[in-house]
Number of protein chains: 2
Amino acid sequence: MSTHAAARVAAPTRREQILREAARLFAERGFHGVGVDEIGAAVGISGPGLYRHFPGKDAMLAELLVGISERLLAGGKLRVTEGGASRGGSPDALLDALIAGHIDFALDDRPLITLHDRELDRLRDTDRKRVRQLQRQYVEVWVEAVRALYPSLPESEARVTVHAVFGLLNSTPHLTRPEALPDRTATAALLHRLARGAFAAAAS
Amino acid sequence: MSTHAAARVAAPTRREQILREAARLFAERGFHGVGVDEIGAAVGISGPGLYRHFPGKDAMLAELLVGISERLLAGGKLRVTEGGASRGGSPDALLDALIAGHIDFALDDRPLITLHDRELDRLRDTDRKRVRQLQRQYVEVWVEAVRALYPSLPESEARVTVHAVFGLLNSTPHLTRPEALPDRTATAALLHRLARGAFAAAAS
DNA sequence: GCAATGCGTTAACGCTCATTAACTCTGATC
DNA sequence: GATCAGAGTTAATGAGCGTTAACGCATTGC
């Protein structure tokens with residue numbers, strides 16, 4: 001059906017190649033710091049060739065940011081429903097699941113995490129509003145989970161705390177030399193501990 | 001001596017006005033997203049008039065980033081020497097002082113904090129190296145303080161933890177509506193608790 | 001009084017860069 | 001085997017923007 005090999009993973013389409021490379025370049029040098037020629041070169045075609053796949057440079061950024069926000073929120077919601085049903089269902093387990101999911105995201109999709117809070121303002125009004133709305137909903141999922149676990153924590157403090165923990169979990173993509181990190185599972189475990197420590201401290 | 005009024009605070013010089021407004025604008029819309037005309041307008045002069053005070057737009061960003069890095073490091077070093085001598089001198093008190101100082105910075109100079117990790121790549125090589133070096137030294141001050149308090153914590157984990165706590169403490173300037181924060185002292189206290197909680201969890 | 005200097009102004013220049021135009025080539029489809 | 005669509009190419013266009021030129025005008029120091 002596909003080009004060659006009954007490969008387990010589908011060959012990445014040109015669009016996907018472009019998005020991945022654009023994400024990397026935008027994260028490295030900023031949206032305005034990257035030219036379309038550069039993005040094209042990164043996938044082996046030349047600048048204007050990109051316009052066969054996207055209506056413009058803005059559209060690439062928009063698709064990246066909307067995409068990441070949607071995936072984050074979907075993952076969060078999924079864990080809430082899963083946690084309520086099949087799994088233990090304790091608030092404790094839900095918070096752990098949210099943290100672990102976010103860490104996976106931060107470690108696997110560094111460029112997107114970076115873009116997510118750095119280039120939001122370059123979007124057209126309508127896209128920016130959409131992303132902001134998704135982000136708010138994602139925060140709300142966390143706030144509810146935190147308050148289920150620590151009912152005494154006021155909502156405003158819970159919200160600030162959730163934002164702060166996002167800053168904490170998203171810190172590794174900002175590192176200059178990510179190769180200086182311990183191996184992935186150790187880093188994930190450490191970040192998880194830090195986040196739980198912060199939440200526990202918030203409630204004390 | 002000055003223009004008018006024996007004011008307690010010196011009237012801000014034109015240079016300082018420009019730097020403050022440039023910092024705000026750069027933080028809001030990114031270095032490339034702000035034109036010199038806009039910066040000029042923010043201080044009541046017109047675009048090219050800025051060139052009487054700075055050799056170029058890059059120079060403004062450079063001065064901002066080098067300045068903030070120097071002030072952060074100087075503050076950190078000061079607290080180390082103070083803590084060792086006059087104050088209690090316990091590792092515990094030193095870490096508290098570092099955290100409190102950084103929080104003051106994050107809450108009082110939001111735009112600079114934002115620029116600090118967002119626009120570093122727009123600097124000329126020489127300036128960028130200088131800023132990176134100052135940042136590294138600042139991290140080192142924290143790492144030593146943390147390890148003095150928690151000697152069992154391996155250095156690599158301490159370093160990741162310090163970065164993560166910076167992300168946590170720097171999270172408030174990224175908030176969309178900073179007016180939704182609790183009042184300043186309450187926010188500072190909450191952030192302080194979160195940071196201590198994270199460090200404690202790192203060491204467990 | 002009168003150069004010199006500091007601090008502005010507006011107009012022009014030139015470069016970068018996203019986007020569009022005008023073609024070409026390959027490979028299905030009927 | 002002709003046609004058509006998809007996916008590229010290079011060359012041109014045009015806007016935006018940092019920077020420089022050329023000039024005005026106070027204020028200061030001699």
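Between Tyr51(A) atom OH and dA12(D) atom P there is a gap of 19 Å when expressed in whole angstrom units. One atom, CD1 of Ile18(A), and another, C1' of dA7(D), lie 10 Å apart when rounded to the nearest Å.
Contacts between residues 118-129 of chain B and DNA chain C, defined by a heavy-atom separation under 4.0 Å, are absent. Near DNA chain C, meaning a heavy atom under 4.0 Å away, the residues from residues 53-67 of chain A are Gly56(A), Lys57(A).
A 4.0 Å heavy-atom criterion places the boundary nucleotides of DNA chain C facing chain A at dA18(C) to dC23(C), written 5' to 3'.
Across Val143(A) and Ala158(A), no two heavy atoms sit closer than the pair CG1-CB, 4.3 Å. Across Val66(A) and Leu134(A), no two heavy atoms sit closer than the pair O-CD1, 4.2 Å.
A donor-acceptor pair is defined here as one N or O able to donate and one able to accept, closer than 3.5 Å; no such pair exists between the side chain of Ser69(A) and the backbone of Gln135(A). Under a 3.5 Å cut-off, the side chain of Arg79(A) and the backbone N or O of Gly75(A) do form a donor-acceptor pair.
Side-chain N/O atoms of Asn170(B) and His116(B) include no donor and acceptor closer than 3.5 Å.
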In sequence, state the C-alpha distance, the side-chain angles, and the governing distance for His174(A) and Arg118(A), and then conclude on side chain to side chain donor-acceptor pair (under 3.5 Å).
-> CA-CA 11 Å; His174(A) 297 314; Arg118(A) 201 171 280 199; 3.2 Å; yes

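With rounding to the nearest 0.5 angstrom, the OG1 atom of Thr114(B) is 13.0 Å from the CZ atom of Arg24(B).
Taking the six-membered ring where tryptophan is involved, the planes of Trp142(A) and Phe166(A) are perpendicular, since the angle between them exceeds 60° and thus also 30°.
Among the atoms of the strands shown, base atoms are found under 4.0 Å from some heavy atom of Gly49(A). Val34(B) comes within contact range of the sugar-phosphate backbone alone, with a heavy-atom separation under 4.0 Å but no base atom that close.
Residues satisfying the side-chain hydrogen bond (donor to acceptor under 3.5 Å, both in side chains) criterion with Arg15(A), sequence neighbours excluded, are Glu63(A). In this view, His163(B) satisfies the side-chain hydrogen bond (donor to acceptor under 3.5 Å, both in side chains) rule with no residue, not counting sequence neighbours. Asp96(B) pairs by the side-chain hydrogen bond (donor to acceptor under 3.5 Å, both in side chains) definition with His192(B), Arg196(B), not counting sequence neighbours.
Distance from the side chain of Arg52(A) is smallest to dG8(D) among dG18(D), dG8(D), dT10(D).
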